[in-house]
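Chain A is the first sequence line, chain B the second, and so forth, proteins listed ahead of strands; every chain is numbered from 1.
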Amino acid sequence: MAATSDTSADIEAHDDVWVFVEQHDGEIANVAWELLSKGRDLADERGEDLVALVMGADLDETDIPEQCIARGADTVLIADDPVFEPYRSDPYGEQFRHLVETRKPAVALIGGTHTGRDFAGRVAVPTHAGLTADCTELEMEDGRYEMRRPAFGGDALATIICPEHRPQMSTVRPGVFPAAEPEEGREGEVETVEVVVDEDETMTEVLEREVGDVADITDADIVVAGGMGAEGDFEPLWELADLLGGEVAATRDAVEEGWIEPARQVGQTGKTVRPKLYVAAGISGAIQHLEGMDDSETVIAINTDPNAPIFDNADYGIVGDLHEVIPELIEYFEENEEAIPA
Amino acid sequence: MTDGWNIVVCVKQVPDADDVSIDPETGRLNRSDAEAVMNAPDYNAVEAALELRDEVGGTVTALSMGPPNADAVLRVAVGMGADDGVLLSDPAFGGSDTWPTSLALARGAEELDADVVLGGEETTDSSTGQVPPGIAAHNGWAQLTYVEELEPRPDGDKLVAKRDVEGGYEKVAAELPVVVAMGFGENDPRPAGLHRKIFAEADFEPETWTAEDLGVEDEVGLSVSPTQVGGMDTADPVPREQEVVDETDELAEQIAEVL
Ligand SMILES: Cc1cc2nc3c(=O)[nH]c(=O)nc-3n(C[C@H](O)[C@H](O)[C@H](O)COP(=O)(O)OP(=O)(O)OC[C@H]3O[C@@H](n4cnc5c(N)ncnc54)[C@H](O)[C@@H]3O)c2cc1C
Ligand SMILES: Cc1cc2nc3c(=O)[nH]c(=O)nc-3n(C[C@H](O)[C@H](O)[C@H](O)COP(=O)(O)OP(=O)(O)OC[C@H]3O[C@@H](n4cnc5c(N)ncnc54)[C@H](O)[C@@H]3O)c2cc1C
């Protein structure tokens with residue numbers, strides 16, 4: 001049984017905003033920059049410091065600490081040991097727990113990736129911290145920290161508070177908050193912390209890890225997204241996206257079919273995008289999908305079913321087969337190249 | 001371990017996602033008349049549990065925390081092939097966030113002497129995905145989340161999982177006991193067999209355990225829950241033009257406008 005240290009008694013002792021900086025093999029997950037940006041605002045409003053926490057191996061050979069400072073951190077805590085590479089939930093959870101118990105942050109932000117959502121509970125449970133999943137708004141209201149998150153597949157927005165326990169932890173999916181530009185020359189402190197995890201005590205072993213280039217669709221101005229209506233053929237979507245200078249995205253169902261890589265999934269359990277133009281082709285418009293693209297400026301729908309809910313959630317739509325409509329769009333833009341911005 | 005594994009699968013009762021509507025009069029969320037069903041991702045967890053039993057032997061016990069009528073989801077699991085079911089039900093559990101919910105399930109799993117505990121990726125109502133890692137953390141057990149495939153290694157008391165990670169996958173070996181969260185849609189849940197379904201609905205009676213039975217009566221409910229729901233708003237649909245055009249060229253012109 002894991003020991004429980006109830007931190008609810010000493011709320012006053014907790015301060016500072018922490019951001020977990022997710023990295024794998026020296027490659028930083030973009031969501032870390034998004035959270036440092038949001039965390040900076042929160043820390044300023046609370047009159048506290050922003051602390052970045054990085055775990056990994058051979059971090060002293062990287063410029064990750066300097067990058068964290070340029071992205072807004074006042075202090076960077078580094079836990080540097082081979083036990084942290086590749087990622088595993090038990091060493092990450094144990095190390096993070098130790099730091100939370102000894103340094104007592106008030107707020108902790110963790111990317112809602114498969115990594116962050118995997119280990120966050122191993123910190124929150126033993127410290128009896130509040131852990132709020134998939135926040136889309138984080139705000140100080142009259143001195144109270146409020147976390148808002150969608151529930152019931154996105155039909156409702158719940159406000160979660162954590163009045164008597166610290167830290168107040170949140171996970172946030174990639175793309176929810178914008179990342180700020182790095183500020184070269186910003187100053188901050190870097191501290192290497194004591195590693196409390198012993199390889200002999202770990203319960204898991206990574207046998208194999210296959211990771212390719214990870215597409216990033218969250219910054220795209222133009223997104224051409226496909227769903228089950230693509231019927232296995234995303235080629236026209238790629239062509240249109242290439243022509244317009246955009247990225248291709250998809251529904252979860254299309255990802256599950258193996259038609260496109262999971263990093264391009266939009267929605268509740270995928271990425272949030274907010275492009276100027278979102279083309280939804282062969283997508284029914286399920287609430288879990290809408291949640292990831294609702295902030296798009298203009299939504300275009302192409303669907304064979306005039307009653308598909310996507311039409312209620314689109315600015316302009318056409319009832320038709322995407323395998324006919326998209327090639328016609330491509331033809332139009334090939335003929336009217338001046339319509340495409342350089 | 002020659003007599004197989006004690007496999008526990010966690011299933012939750014949720015309002016039918018397709019039935020949760022927004023009241024057009026009040027603009028409020030209407031879920032009171034939504035039918036209660038088993039959380040869709042939990043079908044994948046039950047299927048994975050049954051496949052594990054097929055491979056290593058042992059038993060599958062479904063475990064749910066909820067009101068008395070949540071026995072319905074245990075019947076679904078038993079209908080699919082689970083051997084038994086246990087309901088954790090007690091007014092004391094009311095208002096629990098994921099901290100006490102995972103504590104109660106963790107104690108239930110300990111009581112059942114679990115070697116493997118399975119759950120779904122997340123629920124369709126509050127969808128935190130925090131309960132399976134919470135169970136593992138409360139018991140100090142290993143965990144495997146976002147699992148695509150399981151490969152039992154009974155000789156070494158290990159379970160290997162292929163799990164989805166950003167940009168690819170990894171294979172992780174965990175020591176037993178271990179908590180697994182199956183990725184939604186990663187397997188094809190088997191339909192209930194006719195006889196099994198009749199048994200599950202007519203004859204099967206799950207055991208019910210209270211907070212006191214689990215020894216957690218002071219550690220569950222709203223008062224020990226670190227998070228609280230401070231308010232609920234319906235998510236307003238984003239206003240859109242909703243204009244349907246007849247010709248592709250018109251659509252192209254609208255797109256050109258945005259570019
Ligand atoms: C816990 C949970 C999390 C989820 N998370 C996500 C998520 O993050 N993202 C997500 O997208 N989904 C998610 N889902 C799934 C979601 O509920 C829907 O199942 C999914 O979005 C539907 O995908 P789709 O629109 O591609 O397929 P469908 O719903 O099958 O729609 C296909 C559409 O294509 C149209 N069509 C068919 N042929 C053509 C053609 N030739 N040309 C044009 N149109 C055509 C059809 O009329 C239909 O409207 C989640 C579900 C759960 C339970
Ligand atoms: C609007 C709203 C928002 C909420 N937000 C938060 C929050 O941010 N943080 C928080 O700590 N609590 C939150 N809660 C409380 C939380 O919903 C409950 O603790 C809930 O019982 C478990 O969480 P979940 O449904 O998210 O489970 P998840 O962690 O998403 O479920 C994953 C899997 O765990 C298993 N499981 C989960 N619950 C049960 C159960 N009762 N019985 C058997 N198996 C189960 C199932 O296998 C399931 O597929 C919220 C509640 C509401 C109403």
Pairwise distance CG(B:L259) to CG(A:N336) - rounded to 0.5 angstrom: 11.5 Å
Backbone of A:D312 reached by a side-chain donor or acceptor of B:Q242 within 3.5 Å: yes
Atom pair CZ (A:R117) and OH (B:Y146), whose distance is rounded to the nearest 0.5 Å: 4.0 Å
Carboxylate-amine/guanidinium proximity below 4.0 Å for B:K162 and A:E210: no
Region of A:I302 in contact with chain B, defined by heavy-atom distances below 4.5 Å: side chain
Residue selection (most heavy-atom pairs with chain A, distance under 4.5 Å) from B:A256, B:A173, B:G185, B:G183: B:A173
Heavy-atom proximity to chain B below 4.5 Å, by part of A:E205: both
Ionic contact status for A:R252 with B:E121, cut-off 4.0 Å: yes
Largest heavy-atom contact set with chain A, pairs under 4.5 Å, which of B:E253, B:E243, B:E250: B:E243
Interface residue of largest heavy-atom contact number with chain A, from B:D164, B:T124, B:V229, B:V165, under 4.5 Å: B:D164
Largest heavy-atom contact set with chain A, pairs under 4.5 Å, which of B:E175, B:Q143, B:E247, B:E122: B:Q143
Check: A:V214 main-chain N/O paired with B:E166 side-chain donor or acceptor under 3.5 Å: no
For chain A, the option from B:P133, B:A106, B:A142 that forms the most heavy-atom pairs under 4.5 Å: B:A142
Option in B:E241, B:R240, B:E170 with maximal non-hydrogen atom pairs under 4.5 Å from chain A: B:R240
Crowding at CD, A:E337 (>12 non-hydrogen neighbours, <6.0 Å): no
